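It should be emphasised that the depicted structure is a prediction, and the values quoted were computed from it without experimental measurement.
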Amino acid sequence: MKLAPYIDHTLLKATATPADIEQLCAEARLHAFYAVCLNPVYVPLAARLLAGSGVKVATVCGFPLGAVTPQQKADEARTSVALGADEVDMVIHIGAALAGDWAAVQADVQAVRDATAGHVLKVIIETCYLNEEQKRRATEAAVQGGADFVKTSTGFGTGGATPEDVRLMRDVIAGRAQIKAAGGVRSAADAQAMIEAGATRLGTSGGVALVAGDRMGEGY
């Protein structure tokens, strides 16, 4: 299976430097990954480096905690799109999900959806903190709020993607959105398992290792 078209080649560490982003973008060009995913401060650099390459620029908002207001998330996402981002990966209000306030979760997503019209919106529900019913309700709230993708994880929580969670999300979505599996995709076998479960995008900092058939070490 060709994995490169599924991969968001990711670098979201606080310690990322401009040189690191240049390397990330060069790798994405070389391997024809679907996108790079990086923090908003580096969107203009990535947009310049990837111009004409076909590689998309994805960034994050409300990341990694999700604990800012919908307006703050919307403003952050709007700014990133203006700077050249093609896609935005937002984190839901996890506390609202744990409290069962699904209207608040949906409104949070809707605010970012309204700010990113015409661009791809991926909604991270951070499955590691939720029980099965909460995962189902959060997935539904994300779709109702306008998500193009529902995404498993930030990679900064206590756990990452599992095929079981991807299948759960696929069942809830029922064709209304796509799924991004992220966090813990460390080998080609992991990647294939996520794809077979229903993921159409993979978030990983080990994209180069995956396409080479190697197993990555530590990382997102």
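Checked by atom type and distance alone, the side chain of N39 pairs as donor or acceptor with a backbone atom of L12 at under 3.5 Å. Proximity of a side-chain donor or acceptor of K73 to a complementary backbone N or O of V109 within less than 3.5 Å is not detected. In terms of modelled atom types and a separation under 3.5 Å, the side chain of T10 and the main chain of S205 share no donor-acceptor contact. Looking at R48, its side chain never comes within 3.5 Å of a backbone N or O of L45 through a donor-acceptor pair. A distance-only check finds no donor-acceptor pair linking the side chain of R137 to the backbone of G100 [under 3.5 Å]. For the pair K135 (side chain) and I125 (backbone), a donor-acceptor distance under 3.5 Å is absent. With D20 contributing its side chain and T17 its backbone, the two residues share a donor-acceptor pair below 3.5 Å.
Atom CE of M90 is separated from atom CD1 of I124 by 8.5 Å, given to the nearest 0.5 angstrom. Rounded to the nearest 0.5 angstrom, Y42 OH and S80 OG are separated by 14.0 Å.
Ring geometry, F63 versus F156: the interplanar angle exceeds 60°, so the pair is classed perpendicular (tilted spans 30 to 60°).
Side chains of Q106 and Q110: no donor on one and acceptor on the other come within 3.5 Å. Side-chain atoms of E76 and Q72 include no donor-acceptor pair closer than 3.5 Å.
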side-chain contact (heavy atoms from CB on, under 4.5 Å) evaluation trace for F33 with D8: CA-CA 7 Å; F33 292 137; D8 284 1; over 6 Å; no
CA sep, side-chain torsions, deciding dist, call: E126, I92, side-chain contact (heavy atoms from CB on, under 4.5 Å): CA-CA 8 Å; E126 199 70 298; I92 65 166; 5.9 Å; no
Steps toward side-chain contact (heavy atoms from CB on, under 4.5 Å) verdict (V166, T152): CA-CA 7 Å; V166 172; T152 60; 4.2 Å; yes
Criterion side-chain contact (heavy atoms from CB on, under 4.5 Å) on V43 and T79, from CA distance to verdict: CA-CA 10 Å; V43 166; T79 298; over 6 Å; no
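Each of V172, T139, T127 was evaluated against V150; a single residue qualifies, T139, per the side chain to side chain contact (heavy atoms under 4.5 Å, CB included) test. The side chain to side chain donor-acceptor pair (under 3.5 Å) test with D148 singles out one residue from H119, R113, K122, and that residue is R113. Checking R201, K56, K180 one by one against E87, the side chain to side chain donor-acceptor pair (under 3.5 Å) holds for a single residue, R201.
With sequence neighbours excluded, the residues forming a salt bridge (charged side-chain N to carboxylate O under 4.0 Å, His left out) with D190 are R215, listed by chain and number.
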